[in-house]
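Chain letters run A, B, ... following the sequence lines, proteins first, then strands; residues in each count from 1. Please read all numbers here as calculations on a predicted model, not as lab measurements.
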Amino acid sequence: MTVSIYNTKSGKKEPFSPLEKGHIKLYVCGITAYDYCHIGHARSTLVFDMIVRYLRYKGFKVTYVRNFTDIDDKIIKRAQEQHTTTEELANRFINAFHEDMESLGNQHPDLEPKATENIPEIISIITDLIHKGYAYEVSGDVYFKVEKFAGYGSLSGRNLEDMMAGARISINEQKVNPMDFALWKSSKPGEPTWDSPWGPGRPGWHIECSAMSRKFLGESFDIHGGGKDLIFPHHENEIAQSEASTGKPFVGTWIHHGFVTIKDEKMSKSLGNFLTIREILEQYPAEVLRFFVFSSHYRTPLDFSETAMKDAQTGLDRLYTCLAEVAKLPEHGDPGQNPAAGKKNANKINSLVDRFVSAMDNDFNSAQALGHIFEVVKSMNAIRQTLPAAPAESDLALLRSGAKTITELAGIMGLLQHDPVAYIKTKQEKILSHLAIDPRTIESLLRDRTAARDEKNWSRADEIRDELLKNNIEIKDEADGTTSWQVKI
RNA sequence: GGCGGCGUAGCCAAGUGGCUAAGGCAGUGGUCUGCAAAACCAUUAUUCAGCGGUUCAAAUCCGCUCGCCGCCUCCA
């Protein structure tokens, strides 16, 4: 089966095949390094992490490039505010970004080039564009001539006249057309600068992606991705620069993911309603964030809330609980025992791979794919419930193969990769360390309760139980008369 | 103003013309238990914002209306 991908360029889902058989070249716009990353950035990296892992699962070789923009207006401004260099500032936030990626459990892209390390390539494209008449220099600045490029606006579905009518662009006297955008900016005193044929300066915003994608992936490549907000102007301008320069198609498939919203509003620095990745990860395990992100299709908006994260946590726990229960099953089956698993449940389990793959083939529908996993969990629980003390070998084999498949497939989203038993234990220990009650007190109260129960003093026993529950401690009276306790998750 | 998207149960969310409208959370009922908790099971939309149309058949296609959101300026 082939993967279908929604292509922003055509506005449709299309069967995907790479230019070079079996080898996909993917470029994703990374961050501009001037601040800590927020959960919108997290979604972006998570989505492409999942996409790359899935394409590799399908047997493709994937070359995954994600850049850093480490020179730009915002970086210069922020560096000046902090009385530091753009280099120091950018490196500081690139390091922070790498820490965040590590915490999120994302795999590394194959290459993470920086704009400042590719200045010669940038200058070379600009020079070429001037030669070909697509760009012009005005007192040290170089602009791209949008009117000269016939397809300008095709990605974002707009034309120059409409954009002019928008009238939200500041008129720059130097430009031939107000929509012309800067390829090279002359530097002001005190700003970082590189020598160029047009004098000392630095690259404009969009050109670095054209230069780096060409250098590492070639003039034409398969997939280019980023957030929806990059469609215009960033990606539109990249197409113009690259195709004007090479005369070849730039990118086959454009993938754009939706935003993370808070209270249904876009999260952004200008609105001040953003949460950084580190703030989130202080409160929730990375895996919960991953589960939350992959519970929705990547192109829809994703509304972040405490409730949504709590739901994600509970859902994830349900999956881990099932795996943990299967792990606790006896090692060997009873040869004399009849199988407990019905045909329907067995089919559900055995067909999981097919159903998961067809969901993911359909434009990476991770939400549907997770739904299939939950269905199988339900089937496995149902079988487990009817299992006798000495279960049949075929039942054990079925449950183990189900658990193995779930673990493998969930791994494409970076989920369920912890040992299930250890996962639950670690989590409880973490919660316990924040509780106002310690294990010694708990044990002591439980001894009191056991004594009360021995005397059939139920009201006292229940009182202690309620007291513990108030402190997030759940207790369980075992069949053998002992009482165990655990932290409520 | 131009362009694009969305509106499915209490909440979240899949569904790309045709089998019972996935799945999760919450709720309710049950198994278990002295009673609980946990776990598990069962159950919860005759209907997909509204109104028309196309079709043998529409949540899915088309048109209009209402509501929400995004891009057009830095943005994942």
Side-chain angles (χ1 to χ4, degrees), chain A residues 4 6 8 11-13 28-32 34 37-48 72-74 77 153 156-159 161-170 179 205 225-234 236 256-261 264-271 274 291-292 295-297 299-303 305 307-308 310-316 318-319 321-322 325 355 359 362-363 365-375 377-378 381-382 384-386 453 456 458-459 461-462 465-466 468-469 473-479 484-486 488-489:
Chain A
S4 284
Y6 180 89
T8 307
K12 288 195 291 257
K13 260 182 230 174
V28 177
C29 285
I31 60 159
T32 298
Y34 74 107
C37 288
H38 54 63
I39 47 177
H41 298 109
R43 184 184 197 186
S44 179
T45 63
L46 253 23
V47 162
F48 287 105
D72 119 299
D73 292 357
K74 293 188 297 291
K77 184 162 171 269
S156 51
R158 45 191 102 195
N159 58 55
E161 282 162 35
D162 291 343
M163 287 188 258
M164 300 293 284
R168 289 175 69 179
I169 26 173
S170 53
M179 290 309 295
W205 174 33
K228 269 190 160 72
D229 49 354
L230 295 181
I231 296 172
F232 190 90
H234 187 57
E236 195 71 71
H256 292 100
H257 65 261
F259 298 126
V260 176
T261 58
D264 290 322
E265 265 195 328
K266 181 186 168 184
M267 187 176 53
S268 69
K269 297 197 173 164
S270 46
L271 285 170
F274 66 94
F291 183 94
F292 165 66
S295 297
S296 296
H297 185 260
R299 279 189 286 118
T300 63
L302 182 62
D303 198 48
S305 68
T307 315
K310 205 177 141 281
D311 288 357
Q313 176 72 266
T314 314
L316 186 64
R318 179 173 161 84
L319 298 179
T321 303
C322 173
E325 291 302 321
R355 286 179 298 134
N362 182 12
D363 198 24
N365 195 336
S366 58
Q368 193 175 42
L370 282 174
H372 292 318
I373 288 181
F374 273 101
E375 275 188 287
V377 163
K378 186 182 279 192
N381 285 338
R384 212 164 41 72
Q385 211 65 17
T386 56
R453 291 182 79 220
K456 298 223 188 304
W458 305 125
S459 64
D462 293 354
R465 186 184 60 209
D466 294 344
L468 286 167
L469 198 56
I473 302 298
E474 291 168 345
I475 61 170
K476 181 188 174 193
D477 296 327
E478 305 285 356
S484 62
W485 63 273
Q486 63 171 1
K488 190 175 174 185
I489 293 171

- Task: Have a look at A:Gly371 and say if it touches a base, only the backbone sugar-phosphate, or nothing, with a 4.0 Å heavy-atom cut-off.
- Result: base
- Would you indicate what A:Phe374 reaches in the nucleic acid, counting non-hydrogen atoms under 4.0 angstrom: base, sugar-phosphate, or nothing? sugar-phosphate
- A:His372: what forms a ring pair (Phe, Tyr, Trp, His ring centres under 6.0 Å) with it, not counting sequence neighbours? none
- Task: Return the value, rounded to whole Å, for the distance between atom CG of A:Asp311 and atom P of B:rG24.
- Result: 12 Å
- Of all residues at least two apart in sequence or in a different chain, which pass the ring pair (Phe, Tyr, Trp, His ring centres under 6.0 Å) check with A:His297? none
- Under 3.5 Å, is there an N or O donor on one side and an acceptor on the other linking the side chain of A:Arg158 and the base of B:rG4? no
- Hey, where does RNA chain B pair up into stems, meaning at least three consecutive Watson-Crick or G-U pairs with distances under 3.5 Å? B:1-7 with B:66-72, B:10-12 with B:23-25, B:27-31 with B:39-43, B:49-53 with B:61-65
- Note on the structure: By salt bridge (charged side-chain N to carboxylate O under 4.0 Å, His left out), A:Arg465 pairs with (sequence neighbours left out) A:Asp462
- Message: With rounding to the closest Å, how many angstrom separate the C1' atoms on B:rG23 and B:rA45?
- Response: 15 Å
- Query: How long is the gap from OG1 on A:Thr45 to CD1 on A:Ile31, to the nearest 0.5 Å?
  - Reply: 10.0 Å
- Query: Would you call A:Thr261 and A:Met267 a side-chain contact if the rule is heavy atoms closer than 4.5 Å?
  - Reply: no
- Sugar-phosphate atoms are those with a prime plus P, OP1 and OP2; base atoms are the rest. Using that split, label each nucleotide of nucleotides 36-41 of chain B B, S or - for protein heavy atoms under 4.0 Å, 5' to 3'. BBS-SS
- Task: For nucleotides B:rG29 and B:rA38, find the distance between their P atoms and express it as a whole number of Å.
- Result: 15 Å
- Query: Of the candidate nucleotides B:rG34, B:rA22, B:rC74, which contains the atom at the shortest distance from the side chain of A:Glu375?
  - Reply: B:rA22
- Message: Using OP1 and OP2 only, check whether a side-chain N or O of A:Lys310 sits under 4.0 Å from B:rG24.
- Response: no
Enumerate the protein-to-nucleotides 13-15 of chain B contacts in which both atoms are nitrogen or oxygen and the separation is below 3.5 Å.
| from | atom 1 | to | atom 2 | distance (Å) |
| --- | --- | --- | --- | --- |
| B:rA14 | OP1 | A:His297 | N | 2.9 |
| B:rA14 | O3' | A:Asn365 | ND2 | 2.7 |
| B:rA14 | O2' | A:Gln368 | NE2 | 3.3 |
| B:rG15 | OP1 | A:Asn365 | ND2 | 2.5 |

- Query: Which value, in whole Å, describes the distance between the P atoms of nucleotides B:rC41 and B:rU54?
  - Reply: 47 Å
- Query: Using 4.0 Å as the upper bound for N to carboxylate O, is an ion pair formed by A:Arg158 and A:Glu236?
  - Reply: no
- Message: I'd like to check, for A:Trp458, whether its ring lies over the base of B:rG34 with centroids under 5.5 Å apart and a plane angle smaller than 30°.
- Response: yes
